[in-house]
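Because only heavy atoms are used, hydrogens play no part in the values below, and waters and symmetry mates are left out as well, while side chains stay in.
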Amino acid sequence: MMDFDAEKMSCFMRERRLVEAFDYLKPALAEHSYYTALMFAALLNILAAELSKHEENCILDISDDWQDWFRHFHSIKFLVRRLETPHLRKYADELFVYKARYHVSDVAIRHIIRYSAIRPEETLKVYEKINALHL
Amino acid sequence: MEKRMNNQKICFIICFNDELFLEECCFYIRNLHIPRGMEIDIQAIEGASSMTEGYQAGMESSDARYKVYLHQDTFILNRYFLDAILDIFSEEDIGMIGMVGSVQLPPDAVMWNNAMRCGKVRRNAILNDFVFELQVPVEGRYREVQAVDGLLMATSVDIPWRKDIFTGWHFYDISQSMEMYKHGYRVVVPKQETPWCLHDVDVSSGEERDKAYGYWKKKFLENYNLNEIFSTNGPRL
């Protein structure tokens, strides 16, 4: 398993250097432990949201109910897919509602699509990782 | 008594365990163009003990002549998908259509282990969402293949699924392709300008999954002799 440098990651997030953060995670995605890599990716999204919660351009709001958060995660992904499908574009308006409600940036949406294989059952593991990092 | 089939009906059969995905899969189906004179039906099967068991149950409970078996995470992007498959099925000896298939399976029957594949699928892979075009080009309206991938399998004839052998979630697709040929039908992959389907697949392997896959591969090879099946049938190379 890759060595996960928590300090490096939190530096990326504090400085809002999310593209670099994801590039840093990329090697982990090639590892056998697929879910470990994805957990870190999801962790990044969540931590970035925590850090930016009170900022004007926060990435993604977090609800207390982790399951509910991931349900919206998938809904956002589905809506972006519809936007990409010509005859279904008219059914993607709700995406803009989510963007406004959850302050989801275009960057976050792209990463949500990219790392959308996180399943709700992984949320507990992600929560444990957050606690372990004490951030 | 033989079941009377409705030639004007297409039934979508989906084994599911995630309602969010099922709902989205059905959304794409409901927005397909329905050819004149045809009707569609959707059978969503929850709690199946295996893919073959679920598909067999779906097959038996529908009088639709045409059936489309698909994964809950397969979304049909081509609005004229039904028109296209009915056009191909006008050739009565074509029994099954898939989106991705193997023109010649390798000896271990794993179509990903050689370069003899054709078709297109859009995937949501872990790093990128990309269009996945395989090496063998499809010329004409379709290309005959030995087997198709189970992400989507459309049929014009009911052939029993081998739930007596395949009681898991692997190799049901390769098996069914063999059963088609054994019953005298051809299996094809259509020519797709752009992918007709998106497969929102979790590409994780993991030890448990690899073990299961290896077990069912062994089962397949114990029950099917590729040389025997394709000595007189199948695609010409």
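Inter-residue side-chain proximity for B:F27 and A:R82 is flagged as met; some heavy-atom pair is nearer than 4.5 Å. Counting heavy atoms from C-beta on, the side chains of A:T85 and B:F75 never come closer than 4.5 Å.
Within the model, atoms CG of B:L77 and CD of A:E84 stand 9.0 Å from one another, a figure rounded to the nearest 0.5 Å. Note that the NE2 atom of A:H87 and the OH atom of B:Y80 stand 9.0 Å from one another [nearest 0.5 Å].
In B:E222, the CD atom is crowded: over 12 heavy atoms of neighbouring residues, nucleotides or ligands sit closer than 6.0 Å. Atom CD of B:E39 has more than 12 neighbouring heavy atoms from other residues, nucleotides or ligands inside a 6.0 Å radius.
The shortest heavy-atom contact between B:L20 and A:F78 is O-CE1, 3.7 Å.
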